[in-house]
Structures are given as structure tokens and as C-alpha cells.
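Working notes, beginning with the structure itself.
Throughout, a chain's letter reflects where its sequence line sits, starting with A, and its residues are numbered from 1.
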2 protein chains.
Amino acid sequence: MTSKPSGMVDHLNAEQWGKLSPLMMHHGHFAPGDIVSHRGDLLDHSLLLLDGLVARKVPRGQRARSTVVALQFPGEFVDLHAFPLKKLDHDVVSLTGTSVARIAHDDLHHLLNGDVELARKLWLMTLVDASIHRHWVMRNSAMRALARVANFLCEYDARMTAAYAGERDSLPFSLRQSDIADATGLTSVHVSRTLRDLREHGCCSVSGGQLAIHDRAGLHKMGMFDAAYLYMPQSGTAL
Amino acid sequence: MTSKPSGMVDHLNAEQWGKLSPLMMHHGHFAPGDIVSHRGDLLDHSLLLLDGLVARKVPRGQRARSTVVALQFPGEFVDLHAFPLKKLDHDVVSLTGTSVARIAHDDLHHLLNGDVELARKLWLMTLVDASIHRHWVMRNSAMRALARVANFLCEYDARMTAAYAGERDSLPFSLRQSDIADATGLTSVHVSRTLRDLREHGCCSVSGGQLAIHDRAGLHKMGMFDAAYLYMPQSGTAL
DNA sequence: CGCCTCCTTGAGTAGCTTCAAATTATGTGG
DNA sequence: CCACATAATTTGAAGCTACTCAAGGAGGCG
């Protein structure tokens, strides 16, 4: 039995989780760098991330680094959009050691046929992904490196906090600077310099697989961060 | 009675359109610059775009220009994601004179309760939007100005062609250069220079409200364009 | 015609990239 | 546990891309 993770799946109530979780008996594991699914694969199941970090990547030629177009945290579906779409436009890559619960599309199909409200909740969860995509478009199009990286780290903080229920001043952080670069549209060299700037501003520091947040308010200000676009289940934000 | 537009709604079959269209008796019009709905508004209906162009914009302070995070073409829903989300994270702005068909969420709710397949089709249409968002993240993060604008124009061409069924070498184009700038994360000055480059390369030219495509293959190459991410209904592409 | 908006062009510069090398972390086998 | 190999980060210097500021031109509309 899969115990209910926090985070995105908090959009589901206990009854809804009670219906969904029995369909996710098969658990799986991936190592850092494993490709969970390839662009264009025909998928017959989706995965709920239980632990670790997964990226959606768009490959760009063999020489260039691929772009990270999305990041998934524990409690989020990694590829729920494959249920209606069947084939994805991007790769799904495990960035850390990850653990996932698998749900077959056939099972999901039958379950959702009998529960319109649950279907709408899953729809909503994919729409929150889309809202985050829009924010990434804005961030990578309209923000300068310092604000961009700060905002990225704010989002990491917020989603990680939601996933592991409870705000901390130091969180596990297993992204490499080149991962941040791929997600923010910068070079890893410039990410390095930008993280130094954030450190020297007294906002936060990344080292030893930990993100230490020294001044959350300052970091939010520097990244012009407003969490509304994350549509957090239990938050009382404006949206 | 709303006659079925081409484009995104081609994902629906005739029967499904037959069920949906009677709910869209109210038609509306907007002028260029009209704000169709504001960020955070509580929405009780969604709009299908019949003619014109609509942008989803994230406002960024009062001084700076707002970022265009998405563009909607005829045959696409402008804010279908408001059905599950209720409140949106962005403004919806009419860029041209537009005509829309309105569908109340209550009506949609009842219709979808009785038709799981139709519900899944509408879900799918919002997921295509999300796929396009991901492409925009990639484009604005990883492409240089020339490729970026070329790719943007390729997308415009493809979606416009789908909306008005039939490939043409000259299409109506009512975006200003500052709109292209807001959508691509460039300045309007640089868009002007970039369009000149594309013109001098013999790819395409924008003038008098028309986009003239002189060398579609060359434009696609310059923008590294692959339409798979658009999940066109009747296309036989790999995805 | 005069006004306003949009587009174009030029000059100077900031921000980020590229390339390359040095330094520090991480992991592995003996 | 150390020595080594590999991967990740940091720093420096030089260059290019795109931005900013500013002025001039073109077109549309009252």
C-alpha cells in the first residue's frame, strides 16, 4: 500500500486517495541519470513520484546540453499528461535516486469513468503543471540571471516544503549547477557566479547537497517571488 | 448556432462538437487591447476563440512591459483551464478584434458528467497548451534571437494554417513587433533587427499586416522547427 | 496638416557566453 | 584510510549578443 505523500497530491481528499492508491501497487526505482521514458514513446502507464527529483528534458542535438522544461517533486505525477496524450514531446529523466509508484492507464481509465470529481482533480493537477510552465516562460524570458536563479530557488524551496511538509532553513539539494543552468537558460559558469552573488548578498548558499536559506524574505524579494502560480492546495493565497 | 472552427477543436469529432456547440449560444466581441479577464478573477465560463488573436500575459510591475506566456488562435479555447482552476494566474488580452463563443462552467459541468470521452478530449486540449508552454520555455531559454524569432514565426504559420485550413505563402499578421518581443523575451528594437535579418536571408517578411513566407523550408531550418509538439489532430507526425 | 503610434537605425554598453586553466569535491580500489 | 581518478565548481580574460538610450522616418487617423 502506497502511503499518501504530501505536495501536489494534497489536491486529493482522503477518499479520492483511497481510490487511487490501490491501483499503484507496483513501485519502482531509478538511479541518477536514468531515462524514465523517451520522447515519443507510447506510454501505457503514469508514475507518481514518491521520493527524489525528476526532470522533463527537451533534447537539442547531440552536442548541446538538453533543456530542462520542468521539474517534478515528490507527491507530483511525473507524466500524468501521458494519460490523454499517450506520447510525450520530451524525455523524462531521473536526476537523483528516485522512487515511484506506477499506475496503469487502463486502470486509471476505469476508475475515472466512475468518478468525475476525481477525474477533474487529476485534470487540475496537470493544469497546475501548465501554470508552472507559464511561470518558467516568464522567468526565463523576462528576468535577469540574479533574479532568475533566486526565483528558481524560491520555487524549489516552496515545492520542497510542500512535499516534505514543514519549512526548514536547510533543505536537501541534489541538483548540480549545470542542472540549474539547463533549467534557467544560463551557462553553468554563470550560475556559479550568480550563486556566489546570492551567497554574498546573504540570501542563501548551496553546498554539500544542501540549500541553506539564510534570509528567505530577502531571497523572495530578490527573485520577485509570489507563490500564487503554484496553486498550493491548502494555501490561502489570492488565486 | 456556432459552426465548427478548424484548428485545435478538430480534436473533437462531429458528435462531440454537436454536444458542445449548443452550449455556446452567447457570442462576444473584443477590441484590440481589451482585457478579457484579469489575473485572479473568479471565472464561471470559458471562451472559444472564433476569430482573431488572444494573448495570455503575466503583468510585471507597472513600468515594465508584461510578458506574453501564450498565444491563442481561432479554434482554440482561450481559458478552458479556468474550468478546473477557477482563477487564473495571468491576464487574458485581446490582441486584435476578436470574436468568441462563451460556454458556462455549469453547463460544461453537466455535459462532461455524462460524457467521459468528451471530458478527456477537453483535458487533452489543455495538455496541448501545456506542451506548447514547454516549447516556449525551450525556445526562450535555449535559442538565439534569430532562431527564436524564426521558430516563433514557424509556430504562427503552423497554427494559423491549422486554424484556417490551407497553407498559404502570405498570412494575416496583426502582431506588432513589441508583441513578438513580449512573447520571445527580446526587446522590440532587437526584434526589428532580427526581422530584417530574416528578410535579408530570404526567409520571410512582415509588413502591412501580412506575414509573407518566401522560403518555408529555409525558415523551418533557421528556426529548427519541428511541429510535433503542437499535437495537430490530423497530422501523421511521430508523436 | 499635425499628432500619435510603430518601426528603423546608430552608438555605446551591460550581461552573459566562451574558452581555458586551476581548484575543490566525490568516489573507488587497494 | 590513503592515493588516485573523475566529476563538479570556481576563477580569469576576451568577445559577442542583445540591451539601452536617443533620434529620425513612415504610416494612419482625426
To the nearest 0.5 Å, what is the distance between NE2 (A:His190) and CZ (A:Arg148)? 8.5 Å
Drop me the distance from B:Met8's CE to B:Leu230's CG, to the nearest 0.5 angstrom.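 If I round to the nearest 0.5 Å, the distance is 8.5 Å.
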Check ion pair B:Asp226-A:Arg39 (N to O, under 4.0 angstrom): yes
Mapping B:Arg176 and B:Val189 onto DNA chain C by nearest heavy atom, which one lands closer to the 5' end?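 On the 5' side of the pair lies B:Arg176.
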Quick one: does B:Arg193 reach the base of C:dG10 with a side-chain donor-acceptor pair under 3.5 Å? yes
Does the side chain of [X] get closer than 4.0 angstrom to OP1 or OP2 of [N] through an N or O atom?
X        : N      : value
B:Thr187 : D:dA18 : no
B:Arg196 : C:dC7  : no
A:Ser192 : D:dT10 : yes

What is the separation between atom [atom1] on [X] and atom [atom2] on [N], rounded to the nearest whole Å?
X        : N      : atom1 : atom2 : value
A:Asp197 : D:dT11 : CG    : P     : 11 Å
A:Leu175 : D:dT9  : CG    : C1'   : 15 Å
B:Met143 : D:dT17 : CE    : P     : 16 Å
A:Gln177 : D:dT9  : CD    : C1'   : 6 Å
B:Phe173 : C:dC6  : CZ    : P     : 14 Å
B:Arg148 : D:dA18 : CZ    : C1'   : 9 Å
A:His190 : C:dG15 : NE2   : P     : 9 Å
B:Leu186 : D:dC16 : CG    : P     : 20 Å

Any donor and acceptor pair, going by atom type alone, linking the side chain of B:Arg56 with main-chain N or O of B:Val69 inside 3.5 Å? no
Would you confirm whether B:Thr96, through its side chain, and B:Leu53, through its main-chain N or O, come within 3.5 Å as a donor-acceptor pair?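 Checking the backbone N and O of B:Leu53 against the side chain of B:Thr96, a donor-acceptor pair under 3.5 Å is found.
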What contact category does A:Gly185 fall into here, base, sugar-phosphate, or nothing, at under 4.0 angstrom with non-hydrogen atoms? sugar-phosphate
NA contact type, B:Arg65, heavy-atom cut-off 4.0 Å: base, sugar-phosphate, or nothing? nothing
Using the side-chain contact (heavy atoms from CB on, under 4.5 Å) criterion, which residues pair with B:Ala163? Sequence neighbours excluded. B:Pro74
Could you write out DNA chain D as a dot-bracket string, with dots for unpaired bases, | for bases paired across to another strand, and Watson-Crick or G-U pairs counted at under 3.5 Å? |||||||||||||||||||||||..|||||
For the side chain to side chain donor-acceptor pair (under 3.5 Å) test, which of B:Asp182, B:Asn140, B:Thr184, B:Thr67 pairs with A:Ser141? B:Asn140
